[in-house]
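Heads up, the thing below is written out as structure tokens.
Model, not experiment: these values are computed from the prediction. Because only heavy atoms are used, hydrogens play no part in the values below, and waters and symmetry mates are left out as well, while side chains stay in. In listed order, ligands and their atoms are each counted from 1.
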Amino acid sequence: MSALCVDATLSRMDERARALDAAHRAATDFLASLPDRPVWPRATLDEMVGVFGGAVPDQGMDAEAVVAELAAKADPGLVAIPGGRFYGFVIGGTLPAALAVDWLVSAWDQNSGSSLVTPTTVALERIAGDWILELLGLPASASVGFVTGAQVSNFTCLAVARRATLARLGWNLNERGARGAPEVRLVVGEHRHGSIDRAGRFLGLGSDDLDTVAADGAGRMKPEALEGALAGIQPGHAIVCLQAGEVHTGAFDPFAELIPLARAHGAWVHVDGAFGLWAAASPALRPLMAGAEEADSWTTDAHKTLNVPYDCGMAIVRDPADSIAMFRTGGDYLVYTGLDPWDISPELSRRARGVPVWAALRSLGRSGVVELVDRLHANAAAMAAGLADIPGVTVVNEVPYTQVMFRLDDDDATRTLGADILEEGTAVVTGAEWDGHAVLRCSMSSWVTSPDDIERTLAAIRRLVAA
Ligand SMILES: *Cc1c(COP(=O)(O)O)cnc(C)c1O
């Protein structure tokens, strides 16, 4: 190598080291600000587009300067999700080991679709998958596809379910496509997550292809209503979508009653347990999941209850042959080496998103996972008890798991309280409609949330309600 070329390489390495140090400092500063910064962003989307936007810059700039510019300008538009008082939607924080290893995943830059090229990361994902099956009490031989989240997991599992359902009816979907295929009905609960409908759309199944089954007051599918819905469908033509963890109430479908009904009708059973599947890891909460292990496929997230960084969900299928039959690709430049990530999920090239799951599980151990899930539930119980003590506040749901729903007597007052909480800055709760009323919801999904966070949140809500 010429001296000039060596110099250029060294200066690039120096630039990279300086940029990584700057990113480390910026990350540490942001994380240190979490206990005291307002949780909701202080800038709007338009303001942030104004801060960063404009024409494509003509000249490039040094990587460290790029990081510094970003860190200096980004702050007002960041939301304190990794802190202890973000309770919106169903969103977890990030465990230290998972965060650090996520950085390593980017530095390693392993394209983890195939074990041939990236044995370390594929091995770690396989082990993480095996550990999850064991912790959640699911069949050890199931396939675990690491996907971006529960939405894509629901799509992945339902794609597998539809192909397998049609195959049992003598129709080869991969050869013949969907045109003229036997009818497949998606049987869904009244309180399913919207990602089930979207997953259906990705598969060419519209709302006319759905049979909606009535739920009880907590959002649990009613067995007699499922029986009624199945009676209108030819045996072997249904995919029944059940739910572990309703997003507002945290309620679980009664699997032990529902799954045998679906089975008797020759249906595939899918369980969306984006955050609820983790109840199975806790001896105390496991009864909520009783019978769910009898399903054919399961969706869960790691970026919710397990508290790894976005993007990370798992598509779990009882018989790996069903996943492979749907997803194994025929590209002749792709070498088959057995069960590879790209054989069981929709992507080819991708980051090793399952490695932070390995890190989270390695850092927690079984006892730590149990403790985490139990603590999230205890936090929900504490939040519900504290809210119920505030004059004028009604807690709307029983709290079987991690979700708490509350309201004031008047819908407009409830909505105003929601806006006031965001503005005041101590915490974030998000709004919804339940049973014809405006409600506010707290999802207790962050490993960081402490008794002090709950007390500060309750004090802020108490002040706002009184005012
Ligand atoms: C969050 C959630 C989803 C969607 O998950 P993403 O990770 O956002 O794709 C699906 N189902 C349920 C029950 C959820 O809570």
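Among the atoms of Gln243, none of the N or O lies under 3.5 angstrom from an N or O of ligand 1. Polar contact check, Gly149 against ligand 1: no nitrogen or oxygen pair lies under 3.5 Å apart. Some N or O of His303 is nearer than 3.5 Å to an N or O of ligand 1, by distance alone.
Checked against the 6.0 Å centroid criterion, the rings of Tyr401 and His377 do not qualify as a close aromatic pair. Aromatic ring centroids of Trp434 and His191 lie under 6.0 Å apart.
At the top of the distance list for atom 1 (C) of ligand 1, counting protein heavy atoms only, stands Lys304 NZ, 1.3 Å. Of the protein's non-hydrogen atoms, the one nearest atom 13 (C) of ligand 1 is Asp272 OD2, 3.5 Å. Atom 6 (P) of ligand 1 has Ala150 N, 3.5 Å as its closest protein atom, hydrogens excluded (heavy atom only).
Proximity of Phe89 to ligand 1, defined as any heavy-atom pair under 4.0 Å, is not found for any part of the residue. Proximity of Gln151 to ligand 1, defined as any heavy-atom pair under 4.0 Å, is shared by backbone and side chain alike.
Residue Glu257 comes nearest to Pro223 through the heavy atom pair OE1-CG, 3.4 Å, listed as atom of the first residue, atom of the second, then distance. Here the closest non-hydrogen pair linking Leu376 and Ser446 is CD2-O, 3.4 Å. When every heavy atom of Asp102 is checked against every heavy atom of Pro356, the shortest pair comes out as OD1-CG, 3.5 Å.
Near Val247, meaning under 4.0 Å from one of its heavy atoms, ligand 1 places the atoms 15 (O). Atom numbering of ligand 1 starts at 1 in the shown order; those under 4.0 Å from a heavy atom of Asp301 are 5 (O), 6 (P), 7 (O). Close approach to Phe275 involves these atoms of ligand 1, each under 4.0 Å from a residue heavy atom: 15 (O).
Salt bridge status for Arg37 with Asp75: present, with a side-chain N to carboxylate O gap under 4.0 Å.
Judged by the shortest distance from any of its heavy atoms, Ser195 lies inside the 4.0 Å radius around the atoms of ligand 1.
The aromatic rings of Tyr310 and His303 are tilted relative to each other, their planes meeting at an angle between 30° and 60°.
Among the candidates Val213, Asp253, Asp211, the single residue satisfying the side chain to side chain contact (heavy atoms under 4.5 Å, CB included) test with Leu226 is Val213.
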